[in-house]
Amino acid sequence: MTDTIDVELTVNGTRHVANVEPRKTLADFLRDDLELTGTHVGCEHGVCGACTVLIDGQAARSCLTFAVQVRGAQITTIEGLANDGQLNPLQQAMVESHGFQCGFCTPGFLMQITELLNENPSPTEAEVREALSGNVCRCTGYQSIVAGVLRAAGQPSTANSGH
Amino acid sequence: MPLLALRLASPAVLIDLSAVPGLDYIERNDGHVAIGAMTRERTVERSEVVGSLVPLLTEAMPLIGHLAIRNRGTVGGSTAHADPSAEIPAVALALDADIVVTSAPRGERTVPAAEFFQGFFTTALEPDEALVEVRFPVAQPGTGVAFEEATRRHGDFAMVGAAASVRTEDGRIADARIVTIGVSDTPVRCRDAEQELVGSAPSAEAFEQSGSLAAGACDPPSDLHGTTAYRRHLIHVLVRRALEKSTSRSGDK
Ligand SMILES: Cc1cc2nc3c(=O)[nH]c(=O)nc-3n(C[C@H](O)[C@H](O)[C@H](O)COP(=O)(O)OP(=O)(O)OC[C@H]3O[C@@H](n4cnc5c(N)ncnc54)[C@H](O)[C@@H]3O)c2cc1C
Ligand code: FES
Ligand code: FES
């Protein structure tokens, strides 16, 4: 009874045409069909933020979006941030600030931060914390993540950069 | 989507309305602001038209989940979903919004918010109907608004919350609207608490009395996040705070 639907979308600048089950989430499509396993799946109901990707530049939960809903869209995943193996400034700042430990939450955080910095290149610490409030990290205690964002944005930080 | 992910709902047919054109708009009409069902919550949050004409809705937006949730969640989806803790239904009820629904055989009809929310995730929508628009009345001059909530973590659905819209004229309260959420199977309009205020001068005692009436009028559930008595206490405090804040923002400016 499950028909499949044709989907055409662009992921990190590459156009893909695929035939997917309508019930397949964007997260599963990215991970299983396109083998882009940088997008992580934690809670699968929108709460943890690990699966956050950009849909036409806007942060969204890929676990709450069906692949067939984003026909024609531009998707950006964590794999789309580095350029030719060279970390982008945000990724570099995260490394320097020790903004992750196990790294499970990191792709979701970086995609949410990417939207934030695109809209507001010089956020205050309060704005960073507000924007990141929907992403859960079980390791770092958040201080080093906030410090990493502020470092990337060239903003002063009272957050401890983590050691 | 969470309902599907948690297998709480397993529909045979699922319709993606984002492919339907013409449902994503914010329009100023006579006396109200009409918002199309597929308008994203984030679009409403940023809308200057909404900010100046329906400030209670703008006030409510940042309380809904997080950025990534509001980027995708829609006004129609939240209204049709009718979660008793959701903010948009509370605003619709407080402002006496009209909800426009349509079906192929019978065409369009308009349902007042007071009749729309009927129970847990249950609305006046018939199985063959879709929600197309919510019409929020424009706030009259002199109106102040506030939305106060108690949540376990920032961005969570509220454990309980209170929305207030107060209009003052010549130092007296000319209109008061109070809605509480998370206290029943629908958002609850607190008419006795409103009545208490209309015609009187704003005072700490009046707000205290209103908070107490609102708390007395609701019978919130008890669960591991909080007992009935605790939630009732929160309602008392939040209604009082929402009234203080909205009144301080009201009046001729
Ligand atoms: C982690 C998380 C936190 C959240 N926190 C909050 C919060 O604090 N406060 C809050 O209010 N909300 C919150 N939400 C809900 C969210 O803001 C959306 O309102 C909700 O998910 C509805 O999403 P949607 O608009 O995509 O509708 P959908 O998920 O597509 O639809 C919801 C329901 O409404 C029906 N429906 C949708 N559109 C129509 C229509 N036009 N006509 C008829 N029926 C329709 C659908 O069939 C479905 O039953 C949260 C969601 C998540 C995932
Ligand atoms: S996996 Fe999508 S938000 Fe947790
Ligand atoms: S680094 Fe381990 S969850 Fe965030």
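Protein chains get the first letters and strands the later ones, always in sequence-line order, with residue 1 at the start of each.
- Proximity to chain B is absent for every atom of L132(A), based on heavy atoms less than 4.5 angstrom apart.
- Classification of E45(B) and R42(B) as a salt-bridged pair holds, one side-chain N sitting under 4.0 Å from a carboxylate O.
- Between the CD atom in E96(A) and the NE2 atom in H98(A) there is a gap of 9.0 Å [rounded to 0.5 Å].
- A distance of 4.0 Å separates CZ of F147(B) from CD1 of I181(B), quoted to the nearest 0.5 Å.
- Q112(A) touches chain B through its side chain: at least one heavy atom from C-beta onward sits under 4.5 Å away, while N, CA, C and O do not.
- Of the atoms belonging to C63(A), it is backbone heavy atoms, and not side-chain ones, that fall under 4.5 Å from chain B.
- Interface remark: of the candidates R71(A), E119(A), E44(A), M111(A), E119(A) forms the most heavy-atom pairs closer than 4.5 Å to chain B.
- Side-chain contact, T228(B) with D219(B): no donor N or O sits under 3.5 Å from an acceptor N or O.
- Proximity of Q58(A) to D56(A): side-chain heavy atoms (C-beta onward) are nowhere separated by under 4.5 Å.
- Heavy-atom distances place both the backbone and the side chain of N71(B) under 4.5 Å from chain A.
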